[in-house]
Amino acid sequence: MPSPFPGMDPYPEDPTLWPDVHHGLIEAIRAPLAHVLAPHFYVRVEQRVYITSPGDDPGYPALIPSAPRESEAPVGPSGRPAIARPTGMETLIEPEIRDARTYQVVTAIEVLSLANKVKGSRGQQAMQEKRRLLLQGGANWLEIDLLRAGSRPEPLAGRSDYVVALYRPQHPGLLVWFIDLRDPLPVVAVPLRPPFPDVSLDLQKALDEVYERARYAEQIDYTGPIPPTPLPPADAQ
């Protein structure tokens, strides 16, 4: 059964479900690109881990406990073992297109997670630093934000429910697709390197495949409130 929404479905934005959607989108994006880019380019999924602090909590249980620092010794009830205070570790993944000859990153595709959108958090800082370094190195950056919750930078903030932004270091400014709840997700450009033209990425098809494959229609209660961010009254109705 397909989603009842024409484009992005707001119910899978729920923090308990979005990590699964996020992982599914990564593979749904990689599969068609890998097929059309071979043999000159290949698509690999990169994983990075960073340490989080309590203020970085993205709202879902993605923290892996480790030993507490000496200055954070646990304190428990008298005579009972105390629970050690954990250090948070967040794992983020995203696909990258690399040149098959030089192995250099040509385009990074970032599907934003909840951790990326906590303003000032280490997750957001890590993502922004990676973007800066890749752009400085001549790579392109395609940023896909299908979450209404969290912060967005200017000039993207407050313009639409969802947004996709393409940064090209060789061209000034941004290419932006502003998407509202009632809109189908667009087919966006994925840039390569000359003499190769841009290739297309059908985001709606990718989302539909994830929705069908994971059988979300059987899990989501569409009679309940839309999580986690309220909608304008007309859209909520």
Side-chain angles (χ1 to χ4, degrees), residues 1-30 45 52 55-63 88 90-95 109-124 126-128 142-153 156-166 176-188 201-237:
M1 181 184 298
S3 166
F5 289 86
M8 179 57 194
D9 187 328
Y11 282 83
E13 294 179 64
D14 188 305
T16 63
L17 188 56
W18 180 253
D20 187 69
V21 180
H22 184 267
H23 280 71
L25 279 172
I26 296 297
E27 190 54 42
I29 287 170
R30 173 164 73 163
V45 176
T52 65
D56 295 342
D57 183 7
Y60 64 92
L63 300 182
E90 180 72 28
T91 302
L92 299 179
I93 57 173
E94 66 276 325
I109 302 174
E110 184 86 10
V111 180
L112 295 192
S113 69
L114 293 163
N116 297 141
K117 301 197 66 183
V118 179
K119 189 172 183 179
S121 70
R122 297 187 189 182
Q124 188 178 76
M127 183 267 293
Q128 292 171 345
L142 182 64
E143 189 168 298
I144 302 170
D145 184 357
L146 299 181
L147 293 166
R148 290 170 299 121
S151 65
R152 283 189 188 137
L156 306 181
R159 297 284 298 273
S160 59
D161 293 318
Y162 311 103
V163 65
V164 178
L166 175 58
V176 182
W177 292 265
F178 291 108
I179 313 152
D180 284 324
L181 180 68
R182 300 169 185 262
D183 303 328
L185 297 183
V187 177
V188 300
L201 173 60
D202 190 334
L203 291 179
Q204 189 62 59
K205 183 178 180 181
L207 179 66
D208 291 345
E209 288 177 357
V210 173
Y211 188 95
E212 291 273 4
R213 189 163 55 240
R215 305 180 72 91
Y216 290 138
E218 300 174 15
Q219 175 184 355
I220 297 172
D221 178 11
Y222 284 106
T223 65
I226 296 178
T229 305
L231 288 165
D235 284 343
Q237 181 63 35

On a heavy-atom basis, the closest approach of Leu207 and Gly7 is CD2-O, 3.6 Å

Would you say the side chains of Tyr162 and Asp183 form a donor-acceptor pair under 3.5 Å?
no

For the student: nearest non-hydrogen atoms of Ile26 and Pro95, plus distance:
CD1-CD, 3.5 Å

Can you check whether Met127's main-chain N or O pairs, donor with acceptor, with Glu110's side chain at less than 3.5 Å?
no

May I ask you to test the Trp177-Leu166 pair for a side-chain heavy-atom distance under 4.5 Å?
yes

Any side-chain to backbone donor/acceptor pair from Asp161 onto Leu181? Under 3.5 Å, distance only.
yes

Are any side-chain N or O atoms of Gln237 and backbone N or O atoms of Pro233, one a donor and one an acceptor, separated by less than 3.5 Å?
no

One should read off an interatomic distance between Leu114 CG and Glu13 CD, to the nearest 0.5 angstrom, of 9.0 Å

Atom CZ of Arg213 with >12 non-hydrogen neighbours under 6.0 angstrom:
yes

Using side chain to side chain contact (heavy atoms under 4.5 Å, CB included), reason through Asp180 and Asp235 one step at a time and then give a plain yes or no.
CA-CA 10 Å; Asp180 284 324; Asp235 284 343; over 6 Å; no

Grab the two heavy atoms, one from Pro12 and one from Val21, that are nearest each other, plus how far apart they are.
CB-CG2, 3.7 Å

Mutual orientation of the aromatic rings belonging to Phe5 and Tyr11 [parallel < 30°, tilted 30-60°, perpendicular > 60°]:
tilted

CG (Asn116) and CD (Gln128) are apart, to the nearest 0.5 Å, by 9.0 Å

Is there side-chain contact between Leu25 and Trp18, with at least one heavy-atom pair below 4.5 Å?
yes

Expected output: side-chain Asp14 to main-chain Thr16 donor-acceptor under 3.5 Å:
yes

If every non-hydrogen atom of Pro6 is compared with every non-hydrogen atom of Arg182, which pair is closest and at what distance?
CG-O, 3.5 Å

If you look at every heavy atom in Ala236 and Leu231, which pair is closest and at what distance?
N-CB, 4.0 Å

Evaluate the side chain to side chain contact (heavy atoms under 4.5 Å, CB included) criterion for residues Gln219 and Arg215: first the C-alpha distance (whole Å), next the side-chain angles of each, then the deciding distance (0.1 Å), finally the verdict.
CA-CA 7 Å; Gln219 175 184 355; Arg215 305 180 72 91; over 6 Å; no

Would you give the length of the straight line joining atom CG of Asp9 to atom OH of Tyr216, rounded to the nearest 0.5 angstrom?
10.5 Å

Carefully, step by step, assess Arg152 and Asp145 under the rule side chain to side chain contact (heavy atoms under 4.5 Å, CB included).
CA-CA 9 Å; Arg152 283 189 188 137; Asp145 184 357; 2.7 Å; yes

CA sep, side-chain torsions, deciding dist, call: Ile29, Ile144, side chain to side chain contact (heavy atoms under 4.5 Å, CB included)
CA-CA 11 Å; Ile29 287 170; Ile144 302 170; 4.0 Å; yes

For the residue pair Tyr211 and Ile220, what are the closest heavy atoms and their distance?
CE1-CD1, 4.4 Å

Please confirm whether the backbone N or O of Leu112 pairs with a side-chain atom of Lys117, one donor and one acceptor, at under 3.5 Å?
no

